[in-house]
Protein chains: 2
Amino acid sequence: MTAATKSDGTVGKALEMLDLVAEFGRPVRFTDILVKSPHPKATSYRLLQTLTNQHMLEFNDGNGTYSLGGRLMRLAHAAWKTASLAPIARPFIETLVADVGETVHLAQIDQGQVLFVDKLQATDRFETLAQVGKIAPAYCTGVGKAMLAFLAPKRLQLAMLQQAYFKYTPATITDVASLEDELEQIQVSGIAYDREEHEEGIISIAAPVLSSNGRVIGALSIATSTTRHTLEGLDAFRAPLLETAEKIGAEATHWQFPA
Amino acid sequence: MTAATKSDGTVGKALEMLDLVAEFGRPVRFTDILVKSPHPKATSYRLLQTLTNQHMLEFNDGNGTYSLGGRLMRLAHAAWKTASLAPIARPFIETLVADVGETVHLAQIDQGQVLFVDKLQATDRFETLAQVGKIAPAYCTGVGKAMLAFLAPKRLQLAMLQQAYFKYTPATITDVASLEDELEQIQVSGIAYDREEHEEGIISIAAPVLSSNGRVIGALSIATSTTRHTLEGLDAFRAPLLETAEKIGAEATHWQFPA
DNA sequence: AGATTTAGTTTCATTATTTGAAACCTGAAG
DNA sequence: CTTCAGGTTTCAAATAATGAAACTAAATCT
């Protein structure tokens, strides 16, 4: 019995089903879900019914599949507006993008993972799906490491322990000791790098956003490809990045954003 | 037994609480929720606890408030990727934006309302919060009317009836008969206009996205301000808009997107 | 300081909901 | 016409949710 999933009654089970549907990444038939569901047939069926009635799932009569419903997007929009750093940070990020001409990401830490809450693209070249709500592991992304480095010890422990370390690329750090070393360095410099650790060809420079009480409330990064910049080249963005992160931190404090 | 709100057990109650928190539009204290909650103190309290355990809500120790949680954004991202028209439509919309140099919205109809699922801005700046997940009434927006006009009669009835008609601006049509007239015209022309009916100073031209079987699966609009274009000026976008809507419809059919 | 109010939390017997094995549909394949 | 697979419903038993009331902690009043 891990601390991970506390079952939490009916609501817990229902949300578990939602996660299942989400995992499939495509509309799913009842049987598809059934094989993954820990519950017997009748129970799974009724949970799906309930969620569909509640518009958390949508049922497609045509092919008998379930997919995630519109109510989720409405709620998430509300979440984004009221509970994320994004609305507060937007104006500053816009300035930064205009300034450096690169794509900027804003992330927060959520359940030990990186949760992207905003993304502004330079002008706008090709790509990309709305990054908002996307998650990534903390230990191998610039924003993730920037936040880990400034996390309070207990929260850090928690985030580090509950993580499975997967080697996404040859450069991914999967060794806890090395990771801790790097976090220490980041704590000193206030800057984190992603050296193709999550995706080959993608590098980034990131800075934590700290509220006035010193707690990490997010992180900011400039991400680019190795074809556009070298790792050293990223240092040009160091100053504006830090400056913007600081401004956002000050503003967030002013708005009493939860630490 | 109204069709409106079927309570649907514990899960329904929990989601009702989520909606409550969302409505406040700010972090809320337990007592704030209590006055709006239909449930007694202990029940409301436990529902919030459950949702917090499940990361659907987040509790801020600092000031004792609840706000919508990260899990919602994760799920919504999955919903956006798998259950919305947006990923399919993206490339076409990008082309359209590049073509006309205006901001383009993509919307779907959800529970009789307009649900924005994507927004691409013309190159430029100012404004705006991630529109994804934002909702608006159908009867007074371009995209909304475009979809209503092509909705199957029964679904239209439903959407029209369950709507409260609020006069957002002097131009808002709140009279069902006039609205029906306009929908007929839209059916013929395949183009809908928003003549400052939802927001003063904002006009738009919209076209429905139809799947091959003739069902509306979404709508596309070009929105602008009265200071940039006149209503007649919008007609310049008519052809590219229709063309793009058609391409998206064809592609969606190909992907068996639910009608 | 002591009394009083307010906000949040817990208890526990009662009540209502959820559960799941099994039976039952229904349309498609053999 | 049988069999089968996917989906749906039933109903007594098991479980989880309920809520009045009691309790705690902190703030506010006297």
Counting distance only, does the side-chain N/O of [X] pair as donor-acceptor with the main-chain N or O of [Y] below 3.5 Å?
| X | Y | value |
| --- | --- | --- |
| B:Y165 | B:M160 | yes |
| B:W80 | A:M73 | no |
| B:Q108 | B:L85 | yes |

(message) Is it the case that over 12 heavy atoms from other parts of the model lie below 6.0 angstrom from the NZ atom of B:K36?
(response)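 Check fails, neighbour count at 12 or below.
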
(request) Find out whether B:L75 and A:D19 are in side-chain contact, i.e. whether some heavy atom of one side chain is under 4.5 Å from a heavy atom of the other. (result)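 Yes, side chains in contact.
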
(request) Please work out whether the ring planes of A:Y168 and A:F166 are parallel, tilted or perpendicular, with thresholds of 30° and 60°. (result) perpendicular

(message) At a heavy-atom distance below 4.0 Å, which nucleotide of DNA chain D is the first touched by chain B, and which is the last?
(response) D:dA17 to D:dA20

(request) Provide, to the nearest angstrom, the distance between the CG atom belonging to B:N63 and the C1' atom belonging to C:dA7. (result) 14 Å

(request) Find the distance B:F30:CZ to C:dG8:C1' and express it as a whole number of Å. (result)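 Atom CZ in B:F30 sits about 7 Å away from atom C1' in C:dG8.
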
Give each protein N/O atom lying under 3.5 Å from an N/O atom of nucleotides 18-23 of chain C, with the pair distance.
{"residue": "C:dT18", "atom": "OP1", "partner": "B:T10", "partner atom": "N", "Å": "3.0"}
{"residue": "C:dT18", "atom": "OP1", "partner": "B:T10", "partner atom": "OG1", "Å": "3.3"}
{"residue": "C:dT19", "atom": "OP1", "partner": "A:K13", "partner atom": "NZ", "Å": "2.8"}
{"residue": "C:dG20", "atom": "OP2", "partner": "A:T43", "partner atom": "OG1", "Å": "2.9"}
{"residue": "C:dG20", "atom": "N7", "partner": "A:R46", "partner atom": "NH2", "Å": "2.6"}
{"residue": "C:dG20", "atom": "O6", "partner": "A:R46", "partner atom": "NH2", "Å": "3.3"}

(request) Check A:A107 against A:V114 and note the closest heavy-atom contact, atom names and distance. (result) CB-CG1, 3.7 Å

(message) Please find the pair of heavy atoms, one from B:H39 and one from B:L34, that lie closest to each other, and give the distance.
(response) O-CD1, 4.3 Å

